[in-house]
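Lettering of chains follows the sequences in order, A, B, ..., and the numbering in each one begins at 1. Keep in mind the model is a prediction, meaning the values are calculated, not measured.
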Amino acid sequence: MATEPSTPGGADSPEPWSARVRTLTRLGRHREALALLRHGNPSPPPHAVALPSAVISCAALSLSSGVSQIHALAAKRGLLPAADAYLLSALLTSYSRLGRLPLAHQLLDEMPLESTPHTTLRTAFNSVISGCALHALPAACFAVFRRMRAASVGFDAVTLLALVPAAPPRVVPQVHALAARAGLAAETSVANCLISTYARGGVGGAALARRVFDEMPPASRDLVSWNAVLSAHAQNGLGVDALELYRRMRGPDGGGVEPDAVTLVGVLSSCAHLGARSVGFEVERYVLDRLPGFRANVHLCNALINFHARCGSLPRAQQLFDEMPRRSIVSWTALITGYGMHGHGDVAVSLFERMVSEGIRPDNVAMVGLLSACSHSGMYDEGRKYFSTMESAYKLRPTLEHYACMVDLLGRAGRLREARELISSMTMPADGAIWGALLGACKIHKNVEVGEEAFKHIVELEPSNAGYYVLMSNIYTDTGQLEGVARVRAMMRDRGLKKEPGCSYVEHKGQVHLFMADDHSHPQAKRIYKLVIKLEQMVKEKLGVMESKAAQRCAEKAAAQPLIGFHSEKLAVAFGLLNTEASSEIVVIKNLRVCGDCHSFLKAVSGFTNRAFLVRDASRFHRFEGGVCSCKDYW
DNA sequence: TTAGGGTTAG
């Protein structure tokens with residue numbers, strides 16, 4: 001660079017500064033590129049090398065009139081309609097990116113189809129299709145593609161890379177088939193694109209993405225292929241598969257592919273969902289050791305924050321957040337959600353306020369995090385306030401998820417009628433999660449009538465979700481309506497539904513110790529059960545009376561058959577007590593909600609063992625210490 | 001020299 005003349009080259013050497021324009025554009029230094037062009041030596045014309053770059057720089061700076069000026073200049077010099085393929089392509093890209101589609105179409109119309117080389121035609125169409133894709137104009141992409149085909153211009157991989165992501169979900173398989181017929185589907189770039197596009201179509205899409213990946217010849221899979229298929233699983237809640245892919249890619253299957261930050265973002269996201277703490281800690285170690293510049297990567301930092309917030313290390317999440325040089329709304333949301341899950345609604349609210357005061361406008365996801373934080377902390381007034389002003393203050397129209405948070409908030413606060421009225425006021429049909437939140441509130445407040453109504457809707461919306469049947473059955477049990485219990489159980493039997501088995505796990509010395517309810521398969525099972533029985537005895541003596549009917553039922557069952565009725569979290573905590581140092585916190589990850597009996601048990605045990613237990617259940621964290629729980633019995 | 005693939009939060 002030092003040898004470049006600081007002033008434009010003379011008549012004998014137009015290249016250096018024209019080439020410099022190109023370099024500056026490539027580096028994203030658009031203003032400098034245009035300044036150089038303006039002050040460049042006008043003779044000899046036409047500086048053809050600099051013009052396409054200049055057009056791209058104009059577009060990058062949204063200088064629509066600059067593009068038009070260069071367009072006019074080029075036309076005057078006879079470089080258009082198709083004499084200079086690069087300039088044509090740059091103009092078409094820029095007009096499309098700037099949303100000036102009529103001009104792009106006009107340029108396409110002006111190309112002499114017969115005399116223009118085929119590659120120039122293909123590139124011209126590709127430029128417009130890609131420009132439309134960038135502008136999120138899927139219909140325009142397909143309209144131009146149809147024109148391309150009508151003009152008998154063949155497409156290539158580049159066409160597909162723009163077209164595939166623009167296709168509506170139902171059309172993707174058709175474009176896929178078209179690519180396969182053209183022999184392009186096997187190209188690495190096209191296959192990678194198909195994988196990530198299918199991944200957007202939910203769990204079914206992830207299966208299709210997986211098929212594309214599996215059908216690729218192993219030698220043609222690159223790092224992006226592995227990242228795309230791993231993310232496809234991570235994004236669709238298939239964390240176990242994502243972690244398995246991570247293991248495979250580092251082994252012989254991966255062919256020496258080294259994970260990068262994108263890989264680790266997907267892995268951390270899965271760890272966060274699964275509660276796979278040791279894998280997540282390993283990934284963090286890798287990041288600290290091998291990716292020294294990771295703090296500049298907002299995605300990676302966000303993934304780490306989210307992992308720690310959801311896996312119990314809230315202080316670490318806060319520290320990573322504090323150390324970030326630049327944050328996005330995702331960083332804030334991850335932290336807000338984390339505090340909410342731990343029952344620190346007040347902190348979540350003040351973080352939210354700080355975010356807004358720093359000029360970040362909340363989005364729908366941030367509002368879900370905030371409202372659920374209010375809900376977990378019983379912050380009825382704040383929740384109502386934020387919900388009712390989200391549209392006026394932030395132009396956010398409530399979605400199904402926001403309604404679900406609010407029904408949960410109102411319902412848990414005992415305002416069942418208000419929750420029911422909120423559902424009636426909705427302009428869209430309520431989904432299973434919303435009726436489910438109402439049903440959950442009916443369980444807490446033992447309301448059969450409203451519960452039955454919610455259940456009627458759920459059975460239609462999510463007929464195979466066993467959890468809701470169990471919830472309804474428990475409402476009948478709690479209110480002594482045994483015929484209701486029998487009815488719901490019969491429904492489950494007829495539909496072949498089984499309650500999801502509860503399971504909990506503890507990690508110890510890098511090993512996962514998994515416990516199911518009443519499960520005796522652990523090598524230390526004998527000691528563990530002995531300890532639970534002893535602790536239960538102690539709890540009984542301590543509490544004097546049983547707290548709930550549920551606990552009584554458990555006790556009756558246990559008396560009849562002494563080795564059943566042991567919920568998985570009790571076993572996991574007992575394992576922790578037997579195997580860990582007295583000063584350490586025992587962290588348990590559970591798939592279902594903690595039941596009332598286990599909750600009382602863990603509170604009491606934390607008191608007389610002088611140990612802290614951190615339990616992540618299906619909806620939040622409970623930290624048991626000194627005989628109390630961080631949820632303040634509100635959950 | 002032009003067009004172009006994978007990434008986080010609920």
To the nearest Å, give me how far apart CD1 (Ile195(A)) and P (dG6(B)) are.
11 Å
Classify the nucleic acid contact of Asn364(A) as base, sugar-phosphate or nothing, counting any heavy atom under 4.0 Å across all strands shown.
nothing
Look at all strands and tell whether Arg620(A) reaches a base, only sugar-phosphate, or nothing, counting heavy atoms closer than 4.0 Å.
nothing
Report which part of the nucleic acid Ser130(A) touches: base, sugar-phosphate, or nothing (heavy-atom distance under 4.0 Å, all strands).
sugar-phosphate
Tell me what Arg97(A) touches on the nucleic acid: a base, only sugar-phosphate, or nothing, going by heavy atoms under 4.0 Å.
sugar-phosphate
Sugar-phosphate only, base, or nothing, as touched by Ser331(A) at under 4.0 Å among non-hydrogen atoms:
nothing
What nucleic acid atoms does Asn192(A) come within less than 4.0 Å of, heavy atoms only: base, sugar-phosphate, or nothing?
base
Take the angle between the ring planes of His342(A) and Phe621(A) and call it parallel below 30°, perpendicular above 60°, tilted in between.
parallel
Starting at atom CG of Leu304(A), determine the distance to atom C1' of dA9(B), rounded to an integer number of angstrom.
14 Å
Residue pairs fulfilling salt bridge (charged side-chain N to carboxylate O under 4.0 Å, His left out) with at least one residue in residues 157-168 of chain A, sequence neighbours excluded
none
Tell me the salt bridge (charged side-chain N to carboxylate O under 4.0 Å, His left out) pairs involving residues 115-140 of chain A, sequence neighbours left out?
Arg122(A)-Asp156(A)
Answer with base, sugar-phosphate or nothing: what part of the nucleic acid does Ser127(A) contact at a heavy-atom distance below 4.0 Å?
sugar-phosphate
For the student: nearest non-hydrogen atoms of Ala166(A) and Pro138(A), plus distance
O-CB, 3.2 Å
Integer-rounded Å distance: dT8(B) P and Leu300(A) CG:
12 Å
Under 4.0 Å, counting only non-hydrogen atoms across every strand here, what does His402(A) touch: a base, just sugar-phosphate, or nothing?
nothing
Rounding to a whole Å, what distance do you find between Leu268(A):CG and dT8(B):P?
11 Å
So for His299(A) and dT8(B), does any side-chain atom that can act as donor or acceptor lie under 3.5 Å from a complementary atom in the base?
yes
Strictly below 4.0 Å, N to O, side chains only: are Glu358(A) and Arg354(A) in salt-bridge contact?
yes
Whole Å only: how far is the CG atom of Leu230(A) from the P atom of dT8(B)?
10 Å
